[in-house]
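First comes the structure, then the notes that go with it.
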Amino acid sequence: MSRYWSDIVHRLTPYVPGEQPALAHPVKLNTNENPYPPSPHVLEAIRQELGESAEALRRYPDPTARKLRETVAAYHGIRAEQVFAGNGSDEVLAMTFQALLKHDKPIIFPDITYSFYPTYARLFEVEYRTVPVDDAFAIRVDDYAMPNGGVLLPNPNAPTGHPLSLAEIERLVKINSESVVVIDEAYVDFGAQSAIALIDRYPNLLVVQTVSKSRSLAGMRVGFAFGHPALIDALIRVKDSFNSYPLDRLAQVAATASYLDDAWFRESRAKVIASRERLTAGLTALGFEVVPSGANFVFARHPDHDAGTLAARLRDKEIFVRHFKAPRVDQHLRISVGTDAECDVLLTSLREMLRANVG
Ligand SMILES: *Cc1c(COP(=O)(O)O)cnc(C)c1O
C-alpha cells in the first residue's frame with residue numbers, strides 16, 4: 001500500500017547488495033569478502049565479552065566506542081578525536097552525506113564507482129554530478145577541479161580496482177580546499193597508500209575505512225572516518241541525532257582485538273595479494289583483459305564473450321561473481337579474490353565455458 005509512503009520513498013533507488021546464496025559451499029566471489037577467517041584474537045575477545053552468562057549484553061554499549069577509537073588511533077599514529085566509528089563504513093558514508101556533503105553546489109564523484117553513492121544522494125537529497133573515468137578506467141584528478149559541494153571517491157576505486165597515488169590524492173585535496181574531499185578506503189590495504197597520513201595538514205580531508213574487507217569482519221559491521229576534529233564533530237552530531245549506539249558490544253571488542261593483531265593482518269593481506277596476482281595471470285591466460293587492481297577483486301572482460309551470460313552460467317555452477325548492468329561496465333565481471341582453491345574452481349569453469357563457446 002504505497003499510498004502510505006513518505007514522498008521521498010517513491011524517489012529512492014535502493015542499493016542492490018551482492019547475492020548471499022543459501023548454499024552449503026558456494027564459490028562466493030561476488031561481495032569482496034575476505035576468504036580467510038579473522039584473527040583468532042577476535043573470537044577470544046568476543047568470548048571474553050560474553051563471559052559465562054552474557055551478563056554484559058544487559059547493558060548498552062559505550063556510545064562513543066572510546067576504547068576502539070583509541071586503539072585504532074594509536075594504530076594509525078593519530079588522536080582519538082580524529083576518529084569516528086560507525087556501523088559499517090556504509091553507515092559512516094551515509095552520515096557523511098548528511099553531515100558534510102549537503103550544500104548548495106552538487107557533489108562530484110566518478111561515473112564508474114561504488115553504486116551506493118547515488119543511492120545516498122537520493123536518500124539525503126544531495127545533488128550530484130559524475131566525472132567520467134578515462135578509457136582505461138583511471139580517475140584523472142585534474143577533472144575534479146570545478147566548483148562543487150564535495151568530492152567523493154574510493155581509493156582504490158570500485159569496481160575497477162584502480163588505485164591513485166598518495167601524491168594524486170593530495171593534489172585532489174589541495175585543488176578542492178573549499179569543499180570536503182572524502183576518500184573511501186575500503187580496499188586501501190590491498191594496494192594503495194592511506195590518505196590518513198594527510199589529515200593533520202588538510203582540514204577538508206575525510207578518510208573512510210572498514211574492517212569488512214582486509215580484516216575479515218564484514219559480519220560485525222564496523223567502519224571509521226578519519227579527519228580533522230571539526231569534521232568528526234559534524235559526524236558525531238548526526239550520529240547522536242539518529243542512533244547513539246551504532247556499534248554493539250561484540251562489534252567493539254572484535255574490531256579492537258583485530259587492530260591489536262598486526263601479524264595476522266600482514267599475513268592475510270599478503271595471501272590475498274598473492275592470490276590476486278595468480279588470479280590475474282590465470283584470467284589473462286584465458287584471454288581476459290584485466291584492469292590492474294590494487295584491491296581484493298579484479299575487474300575483467302573477455303573480448304569474445306558476453307559478461308552477463310558468463311556470470312549467469314557460472315551461477316548455475318554455484319560460482320558467484322558480480323556483474324553490473326550499467327553503462328561502460330556491462331561487459332565486465334568483478335571477481336573477488338578467493339583462496340587459490342576457489343580461484344582455481346572459477347578458472348577451470350571459465351576455461352570449459354570458453355571452450356564450449358558460452359556467451
Ligand atoms: C564494501 C565497501 C564499503 C562498505 O563497507 P562496510 O564497512 O561493510 O559497510 C564501502 N565502500 C566501498 C567502496 C566498498 O566496496
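Just follow the structure's listing: the first ligand is 1, and inside any ligand the first atom is 1. In what follows, every heavy atom counts, from backbone to side chain, and hydrogens, waters and symmetry copies are set aside.
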Is there a side-chain hydrogen bond (donor to acceptor under 3.5 Å, both in side chains) between Ser336 and Asn32 once you walk through the steps? CA-CA 5 Å; Ser336 309; Asn32 299 341; 2.7 Å; yes

Close residues (non-hydrogen atom under 4.0 angstrom from ligand 1) work out to Gly88, Ser89, Asp90, Tyr114, Asp184, Ala186, Tyr187, Thr210, Ser212, Lys213, Arg221

Asn87 side chain to Pro246 main-chain N or O, any donor-acceptor pair under 3.5 Å? yes

Tyr36 and Arg269 side chains, donor-acceptor separation under 3.5 Å: no

Please list all pairs meeting salt bridge (Lys or Arg N to Asp or Glu O under 4.0 Å) that have one or both residues in residues 201-221, counting only residues at least two apart or in different chains. Glu170-Arg201

Mutual orientation of the aromatic rings belonging to Tyr15 and Tyr114 [parallel < 30°, tilted 30-60°, perpendicular > 60°]: perpendicular

Between the side chains of Lys28 and Asn30, does any donor sit under 3.5 Å from an acceptor? yes

